[in-house]
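When a ligand or atom number is given, it counts from 1 through the structure's own listing order. Side-chain atoms are counted along with the backbone in the values below, which use heavy atoms only and exclude waters and symmetry mates.
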Amino acid sequence: MRNLRFTMLVFVALVISITLCAKPKIRIIATGGTIAGVAASSSSSAYTAGQVGIQTLIDAVPQVKDLAEVSGEQLVNIGSQDMNDQVWLKLAKRVNQLLNAEGYDGVLITHGTDTMEETAYFLSLTVHSDKPVILVGSMRPSTAISADGPANLYNGVAALCDPTSKGHGVMACMNNMLIDAKSLYKSHTTDCATFKGTYGQIGYVYNGKAYYTSEPTYRHTTRSEFNVDNLDKLPQVGIVYGYANASALPMQAFVNAKFDGIVLAGVGDGNFYKDVFDVALKARNSGIQIVRSSRVPTGPTCLNGEVDDSKYHFVAALNLNPQKARVLLQLALTKTHDWQQIQKYFQEY
Ligand code: DGL
């Protein structure tokens with residue numbers, strides 16, 4: 001009897017020690033981008049994105065094996081200028097499956113930088129887990145002198161493994177910065193430090209550890225009511241760019257094509273050129289939801305500023321740039337066409 005008790009104690013101690021020493025289980029989903037890009041030479045700035053496979057990317061950073069049990073899968077291999085609704089839906093469903101059904105502790109997504117902010121925001125609205133999801137990319141191709149991809153991938157895995165990374169929603173980890181999905185925007189066409197947060201970053205990664213300095217204040221992930229499980233397509237929403245003496249033809253084209261929603265990347269505080277305004281009003285009266293955002297890189301597009309949104313039943317994008325306003329309007333239109341409810345979504349997400 002004493003031997004049995006001793007054996008049981010040793011067994012339990014063994015299980016506890018294995019559990020405590022077990023490394024986090026991290027899955028990397030690759031989608032392409034410059035991080036997977038290849039140039040003719042290490043000094044050439046001419047390259048093609050989405051050429052290198054996920055296993056090559058992981059093998060290039062063997063140090064991640066010290067941090068976690070890392071495995072990868074290739075969802076697509078595209079330049080993110082070709083990112084689309086179908087890939088978004090597949091990606092969101094796969095991330096939910098990995099975190100909620102397959103026991104992974106975090107998901108890293110390698111992605112092009114051109115549309116990283118849009119994918120990150122879409123995932124912040126459709127991933128239902130408080131486990132960390134982090135997007136990484138690079139501004140230099142994998143073959144470049146001082147390629148920035150490997151360090152971003154390592155830092156992304158390190159942040160995913162950090163217990164303090166739970167509950168912050170979807171983030172990007174670029175150039176040692178941790179930036180939340182809603183704030184994230186690409187601020188420079190070529191700089192490795194291109195990613196900024198409209199209201200600053202939420203943290204940083206240093207020496208393999210994540211440090212958080214602020215928290216998102218909006219609804220995301222586990223507090224999101226948007227669900228893509230049963231969706232195989234998204235509502236059609238286009239963006240019209242505003243400028244002096246703007247043509248109304250792009251807005252008219254979306255109306256003729258019976259789009260479900262149109263976002264204005266307006267001048268200033270989301271203002272229309274007069275001819276564009278006339279078409280927007282007709283569009284709204286035909287059931288197309290209009291959202292006013294701004295081409296100005298920072299600052300809110302305010303409700304009832306120079307445009308009487310309440311009178312025209314327009315929605316003000318508040319703290320979302322045009323490309324993110326499009327994402328939220330697409331998901332909002334899967335639930336309602338009520339402009340006041342949609343405006344509420346823009347206040348909350
Ligand atoms: N083709 C662009 C993309 O995939 C390159 C930009 C990058 O990934 O840094 O987004």
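Summary of contacts: the protein heavy atom closest to atom 2 (C) of ligand 1 is D114 OD2, 3.1 Å. Here the heavy atom of the protein found nearest to atom 4 (O) of ligand 1 is S80 N, 2.7 Å. In terms of protein heavy atoms, atom 5 (C) of ligand 1 is closest to T34 OG1, 2.9 Å.
Defined by atom type and a distance below 3.5 Å, a donor-acceptor pair is present between the side-chain atoms of H111 and T119. Y345 and T336 share no side-chain donor-acceptor pair at under 3.5 Å. When only modelled atom types and interatomic distance are considered, T164 and D162 share a side-chain donor-acceptor pair under 3.5 Å.
Note on ring orientation: taking the six-membered ring where Trp is involved, the planes of Y243 and Y241 are parallel (angle under 30°, cut-offs 30° and 60°). Using cut-offs of 30° and 60° on the angle between ring planes, the pair F277 and F272 is perpendicular.
Not a single N or O atom of H111, backbone or side chain, sits closer than 3.5 Å to an N or O atom of ligand 1.
Distances below 4.0 Å separate heavy atoms of G33 from the following atoms of ligand 1: 4 (O), 8 (O). Using a 4.0 Å cut-off to heavy atoms of G112, the atoms of ligand 1 that qualify are 3 (C), 4 (O), 8 (O), 10 (O). Heavy-atom proximity to G79, at under 4.0 Å, picks out these atoms of ligand 1: 4 (O). Listed by number with element, the atoms of ligand 1 under 4.0 Å from a non-hydrogen atom of Q81 are 1 (N), 2 (C), 3 (C), 4 (O).
Judged by the shortest distance from any of its heavy atoms, S138 lies inside the 4.0 Å radius around the atoms of ligand 1.
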